[in-house]
Amino acid sequence: MPKKRQPTEIWRVTRKKVWLRDGMRCQSPLQPPLCIGKPHIGLRECHIDHIKSGKLGTNKQENLRTLCPVCHALRADHRHQALTARLLRTGLLPCNWR
């Protein structure tokens, strides 16, 4: 997440633009992605991921991609530990995910 968040109204528009640009599909960098076989992801279910996050990241569209919740949680970023824990609790992520 960049230093400064976009206002909610602007983020909603940015989020939808990124989702449409990505063809409503997970753009997972994982090889192979865990969501393979799930061709489309709804706007409500998708996560918009910052490719470069933290202080060096931006909210520009070229730094954003659509991910499903599982691929987002498995992205190698310490900021996603709470998301990983929540997916484990709800059963969306298998306990042997590592």
Side-chain angles (χ1 to χ4, degrees):
M1 182 67 97
K3 290 187 281 188
K4 188 170 180 176
R5 292 179 182 244
Q6 292 180 339
T8 303
E9 309 80 44
I10 295 173
W11 178 246
R12 284 186 186 134
V13 173
T14 302
R15 191 172 187 279
K16 188 169 185 177
K17 283 181 183 178
V18 172
W19 176 71
L20 289 171
R21 179 202 66 200
D22 291 344
M24 301 170 278
R25 297 175 189 270
C26 179
Q27 303 297 308
S28 178
L30 302 173
Q31 298 298 325
L34 288 181
C35 61
I36 205 155
K38 298 179 187 173
H40 288 92
I41 184 165
L43 182 58
R44 291 180 142 214
E45 293 81 36
C46 78
H47 289 202
I48 302 301
D49 178 50
H50 290 83
I51 297 166
K52 185 180 278 189
S53 59
K55 292 180 182 179
L56 300 176
T58 69
N59 287 312
K60 292 181 180 178
Q61 286 191 32
E62 46 286 346
N63 188 46
L64 301 172
R65 64 181 164 203
T66 304
L67 293 180
C68 70
V70 173
C71 289
H72 193 201
L74 296 180
R75 183 171 171 253
D77 190 329
H78 70 279
R79 295 173 190 91
H80 296 141
Q81 290 175 346
L83 175 60
T84 303
R86 186 174 69 226
L87 291 173
L88 283 166
R89 275 194 313 275
T90 59
L92 290 173
L93 189 62
C95 58
N96 61 349
W97 64 276
R98 290 183 193 237

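Considering all non-hydrogen atoms of both residues, Cys68 and Cys26 come closest at N-SG, 3.3 Å. Across all their heavy atoms, Trp19 and Gly42 have their closest contact at NE1-C, 3.8 Å. Residues Ile41 and Pro69 come closest through the heavy atom pair CD1-CD, 3.9 Å.
Side-chain atoms of Arg25 never come within 3.5 Å of backbone atoms of Leu67 as a donor-acceptor pair (strictly under, hydrogens ignored). Side-chain N or O atoms of Glu9 include none that pairs as donor or acceptor with a backbone N or O of Pro7 at under 3.5 Å. Asp22 contributes a side-chain N or O that, together with a main-chain N or O of Thr66, makes up a donor-acceptor pair within less than 3.5 Å. No side-chain donor-acceptor contact under 3.5 Å links Arg21 to the backbone of Lys16.
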query: Given Cys46 and Arg15, is the side-chain contact (heavy atoms from CB on, under 4.5 Å) satisfied, shown in steps?
result: CA-CA 9 Å; Cys46 78; Arg15 191 172 187 279; 3.8 Å; yes
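Donor-acceptor pairing under 3.5 Å is recorded for the side chains of Thr14 and Gln6.
Taking a 6.0 Å sphere around CZ of Arg12, one finds it holds 12 or fewer heavy atoms contributed by other residues, nucleotides or ligands.
The one candidate from Val13, Leu64, Asn59, Asn63 that meets the side-chain contact (heavy atoms from CB on, under 4.5 Å) condition with Val18 is Leu64.
Ring geometry for His47 against His72 counts as perpendicular: the plane angle is over 60°, on a 0 to 90° scale with 30° as the lower cut.
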